[in-house]
Each structure stands twice: as structure tokens, then as C-alpha cells.
K.L.:
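Shown below is the structure under consideration.
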Amino acid sequence: NRLAQQKATNITWHDAIVTAEDREKLLNQKGCVIWFTGLSGSGKSTLATAVEQVLHQQQHHTYVLDGDNVRHGLNKNLGFSPEDREENIRRIGEVAKLFADAGTIVMTAFISPYRADRDQARELIAEGRFVEVFVDCPLEVCEERDTKGLYKNAPRWRD
């Protein structure tokens, strides 16, 4: 990944005194990542926020990282080229890792079309703490919703 190359050479990892286990004990939960992926308009954000609401009602500490919301700040300098999509998901994987380390149940809602990028995010998270959810919504339904006008402007690739 050309965008993720370490440029700074004068850095050292600082180990914390309070561990992930300490934070999880305080929160009475395990930090993890629930990664929602699927087409634009498939309902990723809707499902992530619904899951968050249920978990919150059950007294769990949660957070949703939504694709559009993250592009308003952290990733506002990225477009939608394959390279920018790769960097977008790399950054979200790193942020999700931090949230999980803090003991939070973090849900991500990103199109994340490339398996390699999702696998890279999965590798950052401890074994058994990354759940990938493919929101399998028919293309026709996504086209009907077309909340961002992406489908009406896309070239037709089928009959």
C-alpha cells in the first residue's frame, strides 16, 4: 500500500499503563468492530445505527463510524479513485482499531468494495473481534433509493 508507507522515522510506540483489558473491565464489555459493507443505498448506515441503538439500550458503549461522516473530517482530502478508496478504508481500519482498544463496540458503515482492504482492516483487530456484515440489498432496490444520485449518473452495464 503506497499510501500507508511509514514516512516518519523518529517515532517510538508508547505503551500505556492502562490496558485494553482494564478498559473492558471498566466498561463490562469487549471492544470489537462490526464492519457493515455493501452497495451505496443498501442500508449500511441504517443498520449500523439500529444495532447501535439496541446495544446502547442494553447499556453498551458504542460508536458508529459512517462513511460520509468520516469524509467530512478525517478523510475530507480523499476522493473515490481506487487509491483514495484504499486509503479511506486503511484509515478507518486504524481508527476502528483504536476504538476497539478503548473497549468500544464500533460499527463501521462503508461501501468498502475491495476485499483486500477489508482484510487489511480485519488483520488490525484481535482474533474474534471483527465481524464483517455484507448488506445484501438488490441493485434494483439501491437504484430506487439512490439517496446520493449515484445510480442515475452511472453508465448502464446491464440490459
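Note that these values count all heavy atoms, side chains included, but never hydrogens, waters or copies made by symmetry.
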K.L.:
Quick check against the 3.5 Å criterion: does T49 have a side-chain atom that pairs as donor or acceptor with the backbone of S45?
P.N.:
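Confirmed, T49 side chain pairs with S45 backbone.
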K.L.:
Under a 4.5 Å side-chain heavy-atom rule over Ile, Leu, Val, Met, Phe, Trp and Tyr, are F134 and L139 clustered together?
P.N.:
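No: no chain of side-chain contacts under 4.5 Å links F134 to L139.
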K.L.:
Name all pairs fulfilling the salt bridge (Lys or Arg N to Asp or Glu O under 4.0 Å) condition that reach into residues 100-110, sequence neighbours left out, sorted by first residue then second.
P.N.:
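Every salt bridge (Lys or Arg N to Asp or Glu O under 4.0 Å) pair that includes a residue of residues 100-110, provided the two are not neighbours, is R23-D101.
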K.L.:
Are F99 and V51 grouped together when hydrophobic residues (ILVMFWY) are joined by side-chain heavy atoms under 4.5 angstrom apart?
P.N.:
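They do not share one cluster, since no chain of ILVMFWY contacts under 4.5 Å joins F99 to V51.
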K.L.:
If we ignore hydrogens and angles and just use 3.5 Å, is the side chain of D66 paired with the main-chain N or O of N69 as donor and acceptor?
P.N.:
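Yes, the answer is positive, given that a donor and an acceptor are paired below the 3.5 Å cut-off.
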K.L.:
For residues 106-114, run the donor-acceptor check on the side chains, cut-off 3.5 Å, and write out each pair with its distance to 0.1 Å, sequence neighbours left out.
P.N.:
unit_1	atom_1	unit_2	atom_2	d
S112	OG	W35	NE1	3.0
S112	OG	T37	OG1	2.9
S112	OG	F110	O	3.0

K.L.:
Might you confirm whether atom NE2 of H60 has over 12 heavy atoms from other residues, nucleotides or ligands at distances under 6.0 Å?
P.N.:
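Counting neighbours around NE2 of H60, more than 12 heavy atoms of other residues, nucleotides or ligands fall under 6.0 Å, so yes.
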K.L.:
Give a yes or no on whether N28 atom CG has more than 12 heavy-atom contacts from other residues, nucleotides or ligands under 6.0 Å away.
P.N.:
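It does not: N28 CG has 12 such atoms or fewer within range.
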K.L.:
If hydrophobic clusters are built from ILVMFWY residues whose side chains come within less than 4.5 Å, do F36 and V131 share one?
P.N.:
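Yes.
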K.L.:
Are V135 and L55 joined in one hydrophobic group, where the rule is that I, L, V, M, F, W and Y side chains link up if heavy atoms are under 4.5 Å apart?
P.N.:
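As far as the 4.5 Å side-chain criterion goes, L55 and V135 are connected within one cluster.
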K.L.:
What are the two closest heavy atoms between C137 and C142, and how far apart are they?
P.N.:
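So the minimum-distance heavy-atom pair works out to SG-SG, 3.8 Å.
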K.L.:
Quick one: closest heavy-atom pair of V33 and A100, and the distance?
P.N.:
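For V33 and A100, the tightest heavy-atom pair comes out as CG2-CB, 4.2 Å.
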K.L.:
Nearest 0.5 angstrom please: H61 NE2 to T104 OG1, how far?
P.N.:
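Output value for this atom pair is 3.5 Å.
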K.L.:
Let me confirm one number: the CG-CZ distance from N75 to R90, rounded to the nearest 0.5 Å.
P.N.:
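Nearest 0.5 Å value for the CG-CZ distance: 9.0 Å.
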K.L.:
Treating Ile, Leu, Val, Met, Phe, Trp and Tyr as nodes and any side-chain heavy-atom pair under 4.5 angstrom as an edge, say whether L39 and V133 lie in one connected cluster.
P.N.:
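No, L39 does not connect to V133 through the hydrophobic network.
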K.L.:
Taking all non-hydrogen atoms of both residues, which atom of K30 and which atom of I105 are closest, and how far apart?
P.N.:
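Between these two residues, the closest heavy atoms are O-CG1, 3.8 Å.
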K.L.:
Rounded to the nearest 0.5 Å, how far does CD of E86 lie from CG of D117?
P.N.:
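Result: 5.0 Å between the selected atoms.
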K.L.:
Which pair of non-hydrogen atoms, one from F80 and one from D84, has the smallest distance, and what is that distance?
P.N.:
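Here F80 and D84 meet closest at N-CB, 4.2 Å.
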K.L.:
Restricting to pairs with a member in residues 127-138, which pass side-chain hydrogen bond (donor to acceptor under 3.5 Å, both in side chains), not counting sequence neighbours?
P.N.:
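Applying side-chain hydrogen bond (donor to acceptor under 3.5 Å, both in side chains) to every pair that reaches into residues 127-138, excluding sequence neighbours, yields E24-R129, R115-E132, R118-E132, R122-E132.
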K.L.:
Would you mind telling me which of L78, V95, I92 makes a side-chain contact (heavy atoms from CB on, under 4.5 Å) with V70?
P.N.:
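Between V70 and the candidates, side-chain contact (heavy atoms from CB on, under 4.5 Å) is satisfied uniquely by I92.
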K.L.:
May I ask you to say whether E87 pairs ionically with R91, meaning some side-chain N is under 4.0 Å from a carboxylate O?
P.N.:
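So E87 pairs with R91 through a salt bridge.
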K.L.:
Within the distance-only criterion (no hydrogens, no angle test), does the side chain of R71 pair as donor or acceptor with the backbone N or O of K76 below 3.5 angstrom?
P.N.:
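Pair absent, no side-chain N/O of R71 close to backbone of K76.
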K.L.:
Quick one: does any side-chain atom of N88 pair with a main-chain N or O of R85 as donor and acceptor, under 3.5 Å?
P.N.:
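Here the side-chain-to-backbone pair does not exist.
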K.L.:
Looking only at heavy atoms, what is the nearest atom pair of I125 and K97, with distance?
P.N.:
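Minimum heavy-atom contact is CD1-CA, 3.5 Å.
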K.L.:
Please report the interatomic distance CG(L74) to CG(L65), rounded to the nearest 0.5 Å.
P.N.:
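Going from CG on L74 over to CG on L65, the span is 9.0 Å.
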